[in-house]
2 protein chains.
Amino acid sequence: MANKHSTQHKILDAAQSLFAETGFNGTSLRQITSLAEVNLASVNYHFGSKKELIQAVLQRYLVVLMPRLDQEFTRLLAMQQQNSLNQVLSVFVSPLLELNKVHQNGTRVFLQLLGRGYTDVQGHLRWFFNHNYGRVLDKLVLLVQQACPQLPASELFWRLHFSLGTVVFTMASNEALVEIAEADFDESIDIEGVILRLLPYLSAAIAAPVSTVTQFSQTMPMLASEGR
Amino acid sequence: MANKHSTQHKILDAAQSLFAETGFNGTSLRQITSLAEVNLASVNYHFGSKKELIQAVLQRYLVVLMPRLDQEFTRLLAMQQQNSLNQVLSVFVSPLLELNKVHQNGTRVFLQLLGRGYTDVQGHLRWFFNHNYGRVLDKLVLLVQQACPQLPASELFWRLHFSLGTVVFTMASNEALVEIAEADFDESIDIEGVILRLLPYLSAAIAAPVSTVTQFSQTMPMLASEGR
DNA sequence: CATCAATTTAAACACCTGTTTGAAATGTAC
DNA sequence: GTACATTTCAAACAGGTGTTTAAATTGATG
């Protein structure tokens, strides 16, 4: 029933590759069933609808990743001494890379899918995610707040969203970027390399000094008043 | 012919709102012509195809923005003394905000469209952009390279793309973010405020110290060898 | 007003979409 | 082997997609 060559499994495998590559909206059920070599109707038979298939594809990774993250966050929160921002962000690395045990290239595929979830218009996915895993991410916010006590809450809010954008966008366009990078710099770069390049970037960004300039109009007033 | 209520203009206006909101693939010509209150066939008559319409929507902003950026980049490159990273990034602010003269909320809409061009699978757009404006962005890379001489070229490539992701994602979800921010922190924030918050974030991120760790496997070998 | 080009229009084109149907095939238990 | 539930299958469904066609309308020029 749940063996590796069952119809369900073949559909999930085919779907995740195509979803990651061309997005949820850009992938048709016929493409999926054709790649999986199963009948078109079997998607609706086994998963109900395309929406539920999308959620099932993501759930395969989330049920592994989120408990691991929750465990790490809880561990850091229980620490006596202050955690550095680098320490907080580093706890993502190991749980993310363990997704390679779920499936070949699991880490890359999952992050790509996550990006698709934000950039494709998939309202049901956002609800699904917040409803099931919102509490885990609350712990992350708390940890970053402790690591950067000098940051006002509003500034932290924006910077965490900036960072989410960095990750999500990078993963959504991952293929293209890796292609260009390998052609231009003759470096073979995998998902692990990208994650390791992200860490110092995000650490420095989130902990950046807060700007004293609050209004552009103060420095260049002629622009701010026009055309809006 | 080119007046504000011509069929062409009405199509471009309707198209840019829908494209920004639901992406290029997620928007149908019938939605566009319905919102613009013109006949369906007029899109193909005036623009040729949907692809060319997408390019025309972006071109309206690019022909304003890119010469301005080019001019600023050239000015900075001609300077005798070294430019700081902050100075380099700051030259984006004024040209971007001037897009509000092209159209109401032009800055936000343009940045949203730019993001859609990357996340939707639009190969023709990438070609169109590189072919027409590749040389301008080469100057930017040169400027950042001069401002951060310690950064290897490949590291700089990735960080510039990370930064593009930050900007694009933030603008794509700008409406929602501003709403939450205003409700939670009682601050009124517009596109200008967001751009000003981005500057120190991106400056610190791009200039971050380069990690000495090049392979995660060096620190946790048991993970790297499994499942890939 | 007549002529000719530019534009708008409704209709149809061929193809793709997710989903449903009912019969055929397969697996399972007695 | 017979009965029953599970799964597979080809076909059709209703609706959407970008694009094309040819006729109707409009605009400008002489």
Side-chain angles (χ1 to χ4, degrees), chain A residues 1-58 113 116-117 119-125 127-128, chain B residues 1-58 113 116-117 119-125 127-128:
Chain A
M1 190 177 180
N3 81 79
K4 257 208 161 183
H5 300 93
S6 67
T7 301
Q8 275 123 318
H9 202 104
K10 284 195 283 181
I11 292 175
L12 286 175
D13 284 355
Q16 74 165 10
S17 318
L18 293 171
F19 284 158
E21 219 171 303
T22 47
F24 300 119
N25 296 325
T27 304
S28 72
L29 293 184
R30 281 168 181 81
Q31 288 177 282
I32 294 170
T33 54
S34 168
L35 179 62
E37 294 179 314
V38 300
N39 188 273
L40 167 64
S42 56
V43 169
N44 295 81
Y45 177 78
H46 286 288
F47 297 94
S49 65
K50 188 182 179 181
K51 279 186 184 183
E52 288 165 286
L53 172 62
I54 294 174
Q55 292 174 11
V57 166
L58 273 169
L113 293 172
R116 296 296 182 186
T119 54
D120 290 15
V121 184
Q122 300 285 340
H124 67 101
L125 255 190
W127 184 91
F128 173 80
Chain B
M1 190 177 180
N3 81 80
K4 258 208 162 185
H5 300 94
S6 68
T7 301
Q8 275 123 319
H9 203 104
K10 284 195 284 183
I11 291 175
L12 287 175
D13 284 355
Q16 76 167 8
S17 317
L18 293 171
F19 283 158
E21 218 171 306
T22 47
F24 300 119
N25 295 326
T27 304
S28 73
L29 293 184
R30 282 168 180 82
Q31 286 178 282
I32 294 171
T33 54
S34 170
L35 178 61
E37 293 178 316
V38 301
N39 187 272
L40 166 64
S42 56
V43 170
N44 294 79
Y45 177 77
H46 286 289
F47 297 94
S49 65
K50 187 181 179 182
K51 280 186 184 182
E52 288 166 286
L53 171 63
I54 293 175
Q55 293 173 12
V57 166
L58 273 170
L113 293 172
R116 296 295 183 185
T119 54
D120 290 17
V121 184
Q122 299 285 339
H124 67 102
L125 255 190
W127 184 92
F128 173 80

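Predicted model only: the values in this text are computed from it and were never measured.
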For the pair B:L125 and B:F24, evaluate side chain to side chain contact (heavy atoms under 4.5 Å, CB included) and give the outcome as yes or no after the intermediate values.
CA-CA 11 Å; B:L125 255 190; B:F24 300 119; 3.8 Å; yes

Within the pair B:T7 and C:dT8, is there a side-chain N or O less than 4.0 Å away from OP1 or OP2?
yes

Tell me which residues in residues 44-58 of chain B lie within less than 4.0 Å of DNA chain D, going by non-hydrogen atoms.
B:N44, B:S49, B:K50

Got a sec, which pairs hit salt bridge (charged side-chain N to carboxylate O under 4.0 Å, His left out) with one end in residues 6-19 of chain B, sequence neighbours left out?
B:D13-B:R60

Atom CZ of A:F24 and atom P of C:dG18 are separated, to the nearest Å, by 14 Å

Would B:F47 and B:Q55 count as a side chain to side chain contact (heavy atoms under 4.5 Å, CB included) here? Give the steps.
CA-CA 10 Å; B:F47 297 94; B:Q55 293 173 12; over 6 Å; no

Just by distance, no angles: are the side chains of B:Q31 and B:S34 close enough, under 3.5 Å, to form a donor-acceptor pair?
no

Sorted by number, residues from residues 28-36 of chain A placing a heavy atom under 4.0 Å from DNA chain D are A:R30

Any side-chain heavy atom of B:V43 within less than 4.5 Å of one from B:K50?
no

Rounded to the nearest 0.5 Å, the CD1 atom of B:I11 sits from the NE2 atom of B:H46 at a distance of 6.0 Å

Could you tell me how far apart B:L40 (CG) and C:dT9 (C1') are, to the nearest whole angstrom?
10 Å

How long is the span from the CG atom in A:L53 to the CZ atom in A:F19, to the nearest 0.5 Å?
4.5 Å

Would you mind reading off the distance between B:N39 atom CG and D:dT21 atom C1', rounded to a whole angstrom?
12 Å

Nearest-angstrom distance from the residue atom CD1 of B:I11 to C1' of C:dT7
12 Å

Whole Å only: how far is the NZ atom of B:K10 from the C1' atom of C:dT8?
11 Å

Yes or no on side chain to side chain contact (heavy atoms under 4.5 Å, CB included) for B:N39 and B:T7, after CA distance, side-chain angles and deciding distance?
CA-CA 9 Å; B:N39 187 272; B:T7 301; over 6 Å; no

